[in-house]
There are 4 protein chains.
Amino acid sequence: MTDDVPQPPRWQRRAESRPQEVLEAALAVFVERGYTAASLDEVARRAGVSKGTLYLYFDNKAELFKAVIRQSLVSNMDEARTLAAQHSGDNWELLTLVLREFTHKVVMSPLSGIPKLILGEAGNFPEITRFYFDEVVQRGRTLIQGILERGIAAGEFRAVDTEEAWRIVIAPLVLSMLWKHTFQPFEPQGLDFERHLRTHLDLLRHGLASAASHQE
Amino acid sequence: MTDDVPQPPRWQRRAESRPQEVLEAALAVFVERGYTAASLDEVARRAGVSKGTLYLYFDNKAELFKAVIRQSLVSNMDEARTLAAQHSGDNWELLTLVLREFTHKVVMSPLSGIPKLILGEAGNFPEITRFYFDEVVQRGRTLIQGILERGIAAGEFRAVDTEEAWRIVIAPLVLSMLWKHTFQPFEPQGLDFERHLRTHLDLLRHGLASAASHQE
Amino acid sequence: MTDDVPQPPRWQRRAESRPQEVLEAALAVFVERGYTAASLDEVARRAGVSKGTLYLYFDNKAELFKAVIRQSLVSNMDEARTLAAQHSGDNWELLTLVLREFTHKVVMSPLSGIPKLILGEAGNFPEITRFYFDEVVQRGRTLIQGILERGIAAGEFRAVDTEEAWRIVIAPLVLSMLWKHTFQPFEPQGLDFERHLRTHLDLLRHGLASAASHQE
Amino acid sequence: MTDDVPQPPRWQRRAESRPQEVLEAALAVFVERGYTAASLDEVARRAGVSKGTLYLYFDNKAELFKAVIRQSLVSNMDEARTLAAQHSGDNWELLTLVLREFTHKVVMSPLSGIPKLILGEAGNFPEITRFYFDEVVQRGRTLIQGILERGIAAGEFRAVDTEEAWRIVIAPLVLSMLWKHTFQPFEPQGLDFERHLRTHLDLLRHGLASAASHQE
DNA sequence: TATGAATGAGAGTTCATTCAT
DNA sequence: TATGAATGAACTCTCATTCAT
């Protein structure tokens with residue numbers, strides 16, 4: 001009756017690329033909806049696979065969530081490690097470099113959704129929260145606090161309370177990430193992360209500058 | 001038919017206080033679990049009422065959530081308005097006052113859970129987010145940005161980019177609130193909000209200080 | 001437009017009778033389908049409740065299953081205990097009484113479906129099987145083996161191997177129960193449990209009779 | 001298109017042995033889990049093939065199940081037929097022989113799992129049940145009942161109700177098979193089928209013995 | 001012939017919501 | 001006003017079955 005029109009195959013075998021695609025879709029849905037409200041149906045749809053396929057790669061929803069976090073932490077950590085190794089010039093330059101790199105590699109990328117996720121689900125996933133706390137927060141603290149302390153020791157910076165100051169240094173960056181995923185839709189022009197960073201660095205430079213360094 | 005003999009009531013009538021108790025319980029549960037994972041069973045249990053009773057006061061879960069946000073905004077707004085009206089001395093003093101009051105009245109109170117909720121559930125409640133954005137964020141921005149601009153105009157502050165700087169001024173306070181509800185359980189000693197604020201103000205004062213004001 | 005015809009209520013509150021009704025429906029469905037193939041949808045339908053209602057009374061499917069077993073055990077055990085206490089006449093009379101009562105109270109009742117369930121699903125529920133083994137099988141063994149041993153000691157019965165004989169005494173009753181729920185539909189006339197028991201007792205009496213008791 | 005160069009085969013061809021291995025694995029899994037709870041994944045794993053391969057030999061799960069039953073019936077039937085042909089001496093000897101052979105060839109072999117399966121799935125596979133009923137049960141009945149009737153006619157046995165007695169003769173053997181797959185794990189010493197059979201035969205011999213045969 | 005990645009229907013379970021009491 | 005038993009839709013997860021390779 002009808003011609004033997006070749007049909008497109010119902011699906012393809014793509015065992016290697018699938019998990020990555022799923023993780024990306026999952027990150028997006030989790031960030032938009034939050035862990036509990038995220039439905040695996042939607043994750044599957046966005047990843048272009050069936051619901052059952054998710055379970056070929058991840059044991060369950062919680063494991064998928066953890067995998068999302070974990071993989072993004074790997075990226076995060078790689079960034080951090082790279083940066084820490086680059087302390088070439090003085091400490092202010094290093095601090096500038098670190099914050100700038102972080103802005104470009106994390107704040108402006110999809111990874112910026114992770115803090116929102118951690119925030120929203122900390123109560124329901126204590127072990128994830130602890131993992132994030134140990135692996136990301138504490139490392140970030142060590143990095144920043146170290147720069148501040150060395151800068152103070154070198155007479156570059158004023159003697160600020162570094163136990164608290166590290167949090168103040170990163171606060172605007174964290175807020176940027178959250179802002180982006182929360183209020184972005186209501187601001188027509190969007191966030192200008194570069195300009196935001198410049199302003200932060202400007203305030204910070206004057207805030208940290210020692211009397212000795214005022215001459216420059 | 002029968003005489004109107006006063007019977008001991010089978011339930012306590014507490015029509016006025018009930019909703020308030022429910023709202024408090026709901027805030028706590030929402031903050032702990034997030035909107036979606038929060039169960040009305042638990043809200044009811046903590047409020048000491050039955051699940052059905054919740055529906056006498058709130059149409060549904062979303063309305064209860066909105067009511068929680070809305071009522072906290074009332075407190076927030078009152079604080080903000082009160083503070084804004086008190087600008088007695090110079091702008092630095094006003095800024096200090098505003099941040100200190102906010103720290104005590106919001107950051108250190110249960111209200112600090114609200115931002116976490118908003119940030120965590122923004123994707124599922126656009127109208128709530130918009131409401132919060134208009135009523136809280138924009139007002140906060142107006143308040144802080146105004147102080148900065150007047151300070152700059154008066155020669156008190158350096159000419160910073162106030163479009164961005166207001167967010168940097170707020171960031172550490174927001175971060176404190178989020179930190180408290182996220183990582184507090186993992187830090188034995190807890191956050192010292194006073195000390196945190198002092199450090200922030202210290203950095204900020206030097207960061208904003210104009211050449212003219214350097215004499216002091 | 002239409003008359004205000006009173007509608008039958010959508011459901012009724014019957015908190016006390018519900019669990020019993022559910023258990024009866026569950027027993028029937030479990031026996032027909034087996035544990036795994038039994039769907040809670042069907043249990044709910046037969047009990048005349050919604051699926052969700054099942055969870056008001058039983059934590060989950062396994063607990064419902066256990067409750068079915070447990071409740072039937074109560075009857076079983078009570079029968080057994082009552083009978084054991086009544087050993088008035090000689091041991092053959094007691095054995096006759098026990099088997100006859102069991103036939104009427106268990107074999108011929110819906111409870112007869114339980115052994116089929118246990119035997120069919122033992123592999124998936126070790127703890128249920130163990131429970132049944134300890135509470136039902138062992139008690140039955142103690143009861144029957146005790147009668148045999150006392151009969152032998154009294155010279156009523158031949159010296160048979162009681163460690164094995166108790167199982168042989170029980171076997172036809174168990175087989176009846178299984179037969180009833182397995183092959184009954186294929187036999188038009190059905191099983192005559194009375195006649196079956198009579199034949200069993202006839203064979204057993206001669207099989208156990210000692211030389212001394214042959215006179216009668 | 002291309003020459004038919006013989007390539008080394010990518011997989012071993014074992015077309016003849018494969019189905020048999022699958023059937024054995026399937027019997028084991030079905031007996032352990034029951035039909036519904038048995039997963040084809042596990043059958044495949046135990047048979048050492050992939051899940052897809054199962055479908056090269058069997059249309060679907062139900063057909064695999066039927067094949068398992070069917071093939072075991074063939075074995076069963078072969079046993080039965082062999083035994084029925086051997087009625088050499090008197091009827092008691094024949095009965096003894098039949099029960100002993102059945103014990104060794106069926107009760108003590110993996111085939112003993114079949115009754116459990118039939119039992120558990122009778123409700124879901126009526127045609128299997130009927131098949132088993134016609135081919136196994138009825139034949140067994142004919143065999144045993146025939147022996148009993150000829151023994152009675154020959155004055156060897158008492159005039160028992162053979163319509164029922166055949167089931168009583170079989171019952172302990174059936175129960176042994178079920179016991180083995182149900183309570184075996186809970187009994188450290190395991191079942192002694194020989195001893196069990198001896199006791200059964202002992203009771204049965206006295207139960208069936210006619211006055212005439214008492215002399216021996 | 002053989003594989004195993006991919007599918008999708010159906011299961012158990014939860015929970016916001018309703019309503020007889 | 002207050003209750004909580006009852007509902008049913010929606011979710012996560014499993015697994016028999018299909019099919020590109």
Side-chain angles (χ1 to χ4, degrees), chain A residues 7-16 18 36-44 48-64, chain B residues 9-15 18 36-44 48-64, chain C residues 8-16 18 36-44 48-64, chain D residues 9-15 18 36-44 49-64:
Chain A
Q7 298 274 332
R10 296 219 327 225
W11 38 263
Q12 299 211 330
R13 293 171 75 106
R14 301 222 313 283
E16 309 81 34
R18 282 271 195 262
T36 316
S39 97
L40 294 186
D41 256 320
E42 190 171 355
V43 173
V49 300
S50 77
K51 213 171 17 165
T53 299
L54 301 181
Y55 287 86
L56 292 179
Y57 301 108
F58 306 97
D59 282 353
N60 49 48
K61 192 184 185 181
E63 286 304 319
L64 173 58
Chain B
R10 283 181 42 203
W11 317 282
Q12 284 297 329
R13 272 215 41 179
R14 293 188 304 175
R18 276 269 199 269
T36 316
S39 96
L40 293 187
D41 256 319
E42 190 171 355
V43 172
V49 301
S50 75
K51 206 165 31 158
T53 300
L54 300 181
Y55 285 82
L56 295 176
Y57 299 111
F58 306 96
D59 282 353
N60 51 46
K61 192 184 185 182
E63 287 304 320
L64 172 59
Chain C
R10 294 218 326 224
W11 39 264
Q12 299 212 329
R13 292 170 74 106
R14 302 223 311 285
E16 307 82 33
R18 282 270 194 263
T36 318
S39 98
L40 293 186
D41 256 318
E42 191 172 354
V43 172
V49 301
S50 75
K51 208 162 34 156
T53 299
L54 300 181
Y55 286 84
L56 292 178
Y57 300 109
F58 305 97
D59 282 353
N60 50 46
K61 192 184 185 183
E63 286 303 320
L64 173 58
Chain D
R10 282 179 47 201
W11 317 281
Q12 284 297 328
R13 271 215 42 180
R14 293 190 303 174
R18 277 268 199 270
T36 316
S39 97
L40 293 187
D41 256 319
E42 191 172 355
V43 172
V49 302
S50 76
K51 206 165 30 158
T53 300
L54 299 182
Y55 284 83
L56 296 176
Y57 299 111
F58 306 96
D59 282 354
N60 51 46
K61 191 184 186 182
E63 287 304 321
L64 172 58

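Chain letters run A, B, ... following the sequence lines, proteins first and then strands; every chain starts at 1.
- F:dC13 atom C1' lies 13 Å from atom CG of A:L64, rounded to whole Å.
- Sequence order on DNA chain E of the closest nucleotides to D:L56 and C:T53 puts D:L56 first from the 5' end.
- For the atom pair A:S39 OG and A:K51 NZ, the distance stands at 8.0 Å (nearest 0.5 Å).
- Taking both residues in full, the closest heavy atoms of B:T36 and B:K61 are given as O-NZ, 3.2 Å, listed atom of the first, atom of the second, then distance.
- Going from atom CZ of B:F58 over to atom C1' of F:dT1 covers 15 Å, rounded to whole Å.
- Remark: P of F:dT3 and CG of B:L40 are 15 Å apart, rounded to the nearest angstrom.
- For E:dT3, the OP1/OP2 oxygens have no side-chain nitrogen or oxygen of D:Y55 closer than 4.0 Å.
- Toward the 5′ end of DNA chain E lies the nearest nucleotide of A:L54, the other residue of the pair A:L54 and B:K51 mapping further downstream.
- If you find the closest nucleotide of DNA chain F to A:A37 and to D:T36, the one lying nearer the 5' end belongs to A:A37.
- The phosphate of E:dA6 (OP1 or OP2) has a side-chain N or O of A:R18 nearer than 4.0 angstrom.
- Summarising the base pairing, E:dT18 is matched to F:dA5 through a Watson-Crick or G-U wobble pair whose two defining distances lie under 3.5 Å.
- Heavy atoms of D:A44 sit nowhere under 4.0 angstrom from any nucleic acid atom.
- Listed candidates were E:dT17, F:dA16, F:dT12. Nearest to the side chain of D:S39 is F:dA16.
- E:dA16 atom C1' lies 9 Å from atom CG of B:N60, rounded to whole Å.
- Spacing between atom CD of B:E42 and atom C1' of E:dA16 amounts to 15 Å, rounded to whole angstrom units.
- Between D:E63 atom CD and F:dT17 atom P there is a gap of 10 Å when expressed in whole angstrom units.
- Nucleic acid contact for A:S50: base, since at least one base atom lies under 4.0 Å from a heavy atom of the residue.
- Between atom CG of residue A:L40 and atom CG of residue A:L64 there is a gap of 6.5 Å, rounded to the nearest 0.5 Å.
- Note: C:N60 CG to C:L54 CG = 11.5 Å, rounded to the nearest 0.5 Å.
- Taking atom NZ of residue B:K61 and atom C1' of nucleotide E:dC15, one finds them 8 Å apart after rounding to whole Å.
- Taking CD from D:E63 and OH from D:Y55, the interatomic distance works out to 11.5 Å, rounded to the nearest 0.5 Å.
- Nearer the 5' end of DNA chain F, as judged by each residue's closest nucleotide, is the contact made by B:G52, out of B:G52 and D:D41.
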